[in-house]
> 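First, the structure itself, so that you have it in front of you.
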Amino acid sequence: MDLDVLNMFVIAGGTLAIPILAFVASFLLWPSALIRIYYWYWRRALGMQVRYANYDDYQFCYSYRGRPGHRPSILMLHGFSAHKDMWLSIVKFLPNNLHLVCVDMPGHEGTTRSDLDDYSISGQAKRIHQFVECIKLNRKPFHLVGTSMGGNVAGVYAAQYPEDICSLTLICPAGLPSTTDSKFIKQLRELQESKHIDRIPLIPSTPEEMADMLKLCSYVRFKVPQQILQGLVDVRIPHNEFYRKLFLEIVDEKSRHSLHENMSKIKAPTQVIWGKQDQVLDVSGASVLASAIPDCHVYILENCGHSVVVERPRKTANLILEFLALLHSIDNNKKQA
């Protein structure tokens with residue numbers, strides 16, 4: 001073989017070996033860093049930009065894509081112990097010309113965390129309203145989407161600030177009483193009886209507990225490598241004390257049924273999406289909302305658990321788009337009448 005050709009292969013091989021070895025080292029030694037890089041890359045690939053907004057001395061972190069236009073902007077509120085990037089799987093299937101905003105909920109990720117803050121559902125709704133005013137999102141009524149804890153907050157927001165909202169999507173929202181106990185509620189009761197309430201299933205501290213949490217939240221069984229499970233735990237562990245405090249706040253009597261207490265005040269057209277096999281919050285909550293909110297559209301997804309956004313992102317995105325298109329059509333018909 002020609003020496004120059006051989007040298008070329010050696011150089012090329014060495015060039016490729018460096019990123020490959022770096023990836024392997026990250027995967028084995030720093031899986032949490034790899035997860036952060038993964039989200040950074042995904043945000044970049046989807047055109048989501050991260051920004052900060054300040055309300056007095058309080059800082060909100062959010063990502064966005066697009067600009068306000070003739071169609072309503074969409075604000076997305078994530079669930080307990082998650083962050084703004086959980087919506088990326090949905091963003092992937094939404095049009096680039098829609099104005100999307102995904103905010104870190106109070107105390108989460110890049111948004112201010114303070115021991116003095118009110119983390120009740122009502123308190124979180126007030127904070128989100130401050131964020132909305134900061135970025136002037138309510139110059140025109142917007143579509144609000146919330147899942148789980150974020151769904152509870154979204155419902156309370158729609159009830160307390162009706163002038164801001166043109167429509168609402170609630171995905172497996174918390175804050176409702178249920179006639180059927182979910183697997184998660186049964187686990188909590190068992191932990192209370194055994195006085196081990198500090199071992200909350202949604203706050204894992206080991207890879208094994210993380211695997212159990214994923215099984216609890218998802219009907220679809222994802223095969224997650226041990227190193228990735230370790231990385232997911234490593235990312236969460238520094239925040240687990242806050243998550244425990246927050247959890248006790250949102251299951252307290254003040255917040256436990258906040259959505260139920262406010263649902264009769266929701267006047268905006270509402271869409272409810274729920275996984276039929278949800279083991280965290282029982283699907284019977286969908287009928288509770290349907291009976292109380294006028295013009296409520298309910299969609300039950302077969303073979304889907306609590307993590308609807310992760311398990312059925314394309315379907316969820318399509319349902320939101322179809323709902324908005326339906327409302328736009330109804331609005332046009334009224335104007336023409």
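Quick note: residue numbers are just sequence positions, from 1.
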> How close do V280 and S182 get, heavy atom to heavy atom, and via which atoms?
O-OG, 2.7 Å

> Taking atom types as modelled and ignoring hydrogens, do the side chains of Q230 and D234 form a donor-acceptor contact shorter than 3.5 angstrom?
yes

> Between F242 and Y119 (judged by ring centroids, cut-off 6.0 Å), do the two rings come close enough to count as a pair?
yes

> Taking E311 for its side chain and Y219 for its backbone only, find out whether a donor-acceptor pair lies under 3.5 Å.
yes

> Could you go through D164 and Y157, starting from their C-alpha distance and side-chain angles, then the distance that decides it, and tell me whether this counts as side chain to side chain donor-acceptor pair (under 3.5 Å)?
CA-CA 9 Å; D164 286 359; Y157 188 106; 2.6 Å; yes

> For residues L170 and L168, determine if any side-chain heavy atom of one lies less than 4.5 Å from a side-chain heavy atom of the other.
yes

> Kindly say whether G175 contributes a backbone atom to a donor-acceptor pair with the side chain of S258 at under 3.5 angstrom?
no

> Does any N or O in the side chain of T147 come within less than 3.5 Å of the main-chain N or O of G150, such that one atom is a donor and the other an acceptor?
no

> Indicate, with yes or no, if the rings of Y39 and Y41 have centres closer together than 6.0 Å.
no

> Measure centre to centre between the rings of F131 and Y62, then say whether the value is under 6.0 Å.
yes

> Answer yes or no: is there a donor N or O on one side and an acceptor on the other, between the side chain of Q279 and the main chain of K215, under 3.5 Å?
yes

> Please determine if D85 and R43 form a salt bridge, counting it only when a charged side-chain N lies under 4.0 Å from a carboxylate O.
yes

> Which heavy atom in V251 sits nearest to a heavy atom in R256, and how many Å separate them?
O-NE, 2.8 Å

> Treating S218 as the side-chain partner and S307 as the backbone partner, does any N or O pair qualify as donor plus acceptor under 3.5 Å?
no

> Sub-3.5 Å donor-acceptor pair from the side chain of D118 to the main-chain atoms of S120, do we have one?
yes

> Is there a donor-acceptor pair closer than 3.5 Å between any side-chain N or O of N303 and the backbone N or O of V220?
no

> Is a side-chain donor-acceptor pair under 3.5 Å present for S284 with S178?
yes

> Scan residues 293-314 for pairs that pass ring-ring contact (aromatic ring centres under 6.0 Å, His included), counting only residues two or more places apart or in two chains.
H297-F323

> Is it the case that over 12 heavy atoms from other parts of the model lie below 6.0 angstrom from the CZ atom of R139?
no

> Is the gap between the ring centers of Y55 and F60 under 6.0 Å?
no

> Only pairs at least two apart or in different chains count here, so list each side-chain hydrogen bond (donor to acceptor under 3.5 Å, both in side chains) that has a residue in residues 89-115.
R65-N96, R71-N97, S73-H99, K84-D104, R113-H239

> Using the side chain to side chain donor-acceptor pair (under 3.5 Å) criterion, which residues pair with Q130? Sequence neighbours excluded.
R127

> Quick one: side chain to side chain donor-acceptor pair (under 3.5 Å) partners of Q49, sequence neighbours excluded?
R51

> So, does D252 use its side chain to make a donor-acceptor pair with the main chain of S255 at under 3.5 Å?
no

> Strictly by modelled atom types, are Q271 and T169 linked by a side-chain donor-acceptor pair under 3.5 Å?
yes

> In chain order, what residues pass the side chain to side chain donor-acceptor pair (under 3.5 Å) check against E302, with sequence neighbours excluded?
K276

> For W87, enumerate each residue passing the side chain to side chain donor-acceptor pair (under 3.5 Å) test, keeping only those at least two apart in sequence or located in another chain.
none

